[in-house]
Q: 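Quick one: the structure is below, and I'll ask about it shortly.
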There are 2 protein chains.
Amino acid sequence: MDVRTICLGILTRADATGYEIKKRVEEGGYRPFVEASFGAIYPALNKLTKDRFVSVRAEAQEKRPDRKIYSITEAGRRAFVASLMKPLTEDRHRSPFAFAMLFADLLPEQHIAQMLDAYIAHTEQALAQLQQADAKPKSQREHFANGMSQAAYAATLEYLRSHRLNGETRTAEAAE
Amino acid sequence: MDVRTICLGILTRADATGYEIKKRVEEGGYRPFVEASFGAIYPALNKLTKDRFVSVRAEAQEKRPDRKIYSITEAGRRAFVASLMKPLTEDRHRSPFAFAMLFADLLPEQHIAQMLDAYIAHTEQALAQLQQADAKPKSQREHFANGMSQAAYAATLEYLRSHRLNGETRTAEAAE
DNA sequence: GTTTGCATGTAAACGGTTACATGATTGG
DNA sequence: CCAATCATGTAACCGTTTACATGCAAAC
């Protein structure tokens, strides 16, 4: 999902500025499977405006840049739906942690333990954020998508917790 | 994990040509959390050679380009371990499917069903591949990393299967 | 008094993908 | 007969990240 499509999606829910779009991507139900930085969002919004997929109205502010509030147009809605309808690209799950684990035999035992702790903590956080987002009233579909992510995170956590000590024990045995 | 690091990792296991590195990334335990294309691998190997992290020996072949067999050097091993030791970047899970599901209310019911079926089939395949890779003798660590991915996939599948019909029923009710 | 939040934008650099070029061999 | 496998490599292009520029106000 490129940033243009992400922007269109967010704008189907409500009008927003570039700044607000970033916030919405970070919070709630969009994370963890989409991302967008300012450097990508602002140019994307300009291109969408040129293409007439969104319209802008500026709101003057004192001592601050004007708020540029974007709304999706009918053409934008059609383009967005069209992009969801055409065959989706595959999920891409890049995990430096999992990759590192494959080579854990090259790493000090202590460091592996730290990495595991950090990863578990991080996954717990992500899960908590998803649960929080889920608490707010949502459409059934959003609930569904959120639940899918929660299921994956919860299973990962359970696996890590139950295999952590085992792994250490086995390594200790192997060291004898 | 950039392609250079991925190449180094593969080469810690065994010498390989660029072509073989690609194959090993696609098969077995590396998928689904790493990827690398030829257009990335060959330049990466050239850079690694320049940096003395790998060495090459060419094997002449008739009617085919020479096989260039790469070996990791001591310096390469150290660089690889160092890159695993420094703070890892976060996992990035980009899921066009999950994103599309968030906006499923904009899509025809039939199309959603198709997307779900395709995604379930795809996830089943990925899980099967992981289980297959796991059947071959592996180090404990590789088994651990593989198991983590399997747990996540299995949980996702279970979730999708158990919520699929519910989703359809609810939608049918909502349509009345 | 420093950090965070608000608010927009540009430009250079980066890493990677896609398509192309070349071409014999084997298997369906 | 066509597709896939083996085998390397280049070049154009793409989207994105990162760093920079600007600057007030409120909260801690």
Side-chain angles (χ1 to χ4, degrees), chain A residues 1-11 15-27 30-31 33-51 54 56-70 83 87 89-94 96 99, chain B residues 1-8 10-11 15-27 30 33-51 54 56-70 83 87 89-94 96 99:
Chain A
M1 285 297 137
D2 56 35
V3 176
R4 282 168 69 248
T5 308
I6 293 168
C7 289
L8 284 179
I10 304 265
L11 291 174
D15 293 356
T17 66
Y19 190 86
E20 287 165 348
I21 288 173
K22 175 109 196 288
K23 268 180 49 186
R24 284 176 203 171
V25 169
E26 277 163 7
E27 295 161 7
Y30 296 97
R31 235 172 127 219
F33 34 79
V34 284
E35 278 172 277
S37 65
F38 284 132
I41 290 171
Y42 288 121
L45 286 170
N46 284 333
K47 177 130 208 287
L48 288 169
T49 307
K50 253 185 239 158
D51 292 345
V54 302
V56 209
R57 82 199 111 102
E59 209 170 70
Q61 290 194 128
E62 276 162 42
K63 314 271 187 177
R64 237 176 243 188
D66 291 359
R67 279 164 60 83
K68 292 169 91 172
I69 301 159
Y70 292 89
S83 72
T89 56
E90 277 184 35
D91 283 19
R92 321 176 82 192
H93 191 171
R94 303 281 187 87
F99 181 77
Chain B
M1 287 297 135
D2 56 34
V3 176
R4 281 168 68 248
T5 308
I6 293 168
C7 289
L8 284 180
I10 304 266
L11 291 174
D15 293 356
T17 65
Y19 190 86
E20 287 166 348
I21 288 173
K22 173 109 197 287
K23 268 179 50 186
R24 284 175 203 170
V25 169
E26 277 164 6
E27 296 161 6
Y30 297 95
F33 35 76
V34 285
E35 279 172 277
S37 65
F38 284 131
I41 289 171
Y42 288 121
L45 287 171
N46 285 332
K47 180 133 206 285
L48 288 170
T49 306
K50 254 185 240 158
D51 292 345
V54 302
V56 209
R57 79 197 113 100
E59 208 170 71
Q61 291 195 128
E62 275 162 41
K63 316 271 190 180
R64 236 174 242 189
D66 291 359
R67 277 163 63 83
K68 293 171 93 174
I69 301 159
Y70 293 89
S83 74
T89 56
E90 277 183 37
D91 284 19
R92 321 176 84 193
H93 191 170
R94 302 283 187 84
F99 181 78

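Numbered from 1 within each chain, the chains take letters A, B, ... in sequence-line order.
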Q: Looking at every strand, decide which applies to Lys23(A) at a 4.0 Å heavy-atom threshold: base, sugar-phosphate, or nothing.
A: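 Counting heavy atoms under 4.0 Å across all strands, the contact made by Lys23(A) is with sugar-phosphate only.
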
Q: Could you point out which residue of Ile21(A), Thr17(A), Val3(A) forms a side-chain contact (heavy atoms from CB on, under 4.5 Å) with Leu45(A)?
A: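 Passing option: Ile21(A).
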
Q: How many Å lie between CD on Glu26(B) and C1' on dA4(D), as a whole number?
A: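 Interatomic distance, CD of Glu26(B) to C1' of dA4(D): 13 Å.
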
Q: When you compare the side chains of Asn46(A) and Thr49(A), does any donor N or O come within less than 3.5 Å of an acceptor on the partner?
A: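 No, no side-chain donor-acceptor contact under 3.5 Å.
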
Q: Pick base, sugar-phosphate or nothing for Glu35(A), based on heavy-atom distances below 4.0 Å to the nucleic acid.
A: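 No contact at all - Glu35(A) keeps every heavy atom at 4.0 Å or more from the nucleic acid.
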
Q: Kindly point out which of dT17(D), dA7(D), dT16(D) is positioned nearest to the side chain of Asp2(A)?
A: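 Taking heavy atoms from C-beta onward, the closest nucleotide is dT16(D).
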
Q: In whole Å, I'd like the distance from the CD1 atom of Ile21(A) to the C1' atom of dT16(D).
A: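 These atoms are roughly 16 Å apart.
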
Q: Heavy atoms under 4.0 Å, any strand shown: does Gly18(A) hit a base, just sugar-phosphate, or nothing?
A: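 If one applies the 4.0 Å heavy-atom cut-off, Gly18(A) turns out to touch the sugar-phosphate alone, with no base involved.
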
Q: Is the shortest heavy-atom distance from the side chain of Ile6(B) to the side chain of Tyr30(B) under 4.5 Å?
A: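 SC-SC contact between Ile6(B) and Tyr30(B) ruled out.
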
Q: Contact boundaries of DNA chain C with chain A (under 4.0 Å, heavy atoms), 5' to 3'?
A: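 Here the contact window of chain A covers dG5(C) to dT17(C).
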
Q: Is there a side-chain contact between Tyr70(B) and Leu48(B), using heavy atoms and a 4.5 Å cut-off?
A: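 Of all side-chain heavy-atom pairs linking Leu48(B) with Tyr70(B), none is under 4.5 Å.
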
Q: Nearest heavy atom decides the nucleotide; on that basis, is Arg4(A) or Thr17(B) closer to the 5' end of DNA chain D?
A: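 Its nucleotide being nearer the 5' end, the pick is Thr17(B).
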
Q: In whole angstroms, how far is the P atom of dA11(D) from the OH atom of Tyr42(B)?
A: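 Answer to the nearest Å: 16 Å.
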
Q: Could you tell me whether Arg31(A) and Glu27(A) have a side-chain N and a carboxylate O separated by less than 4.0 Å?
A: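 Glu27(A) and Arg31(A): not salt-bridged.
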
Q: Any non-hydrogen side-chain atom of Arg94(B) less than 4.5 Å from a side-chain atom of Met1(A)?
A: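 Contact flag for Arg94(B)/Met1(A) side chains = no.
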
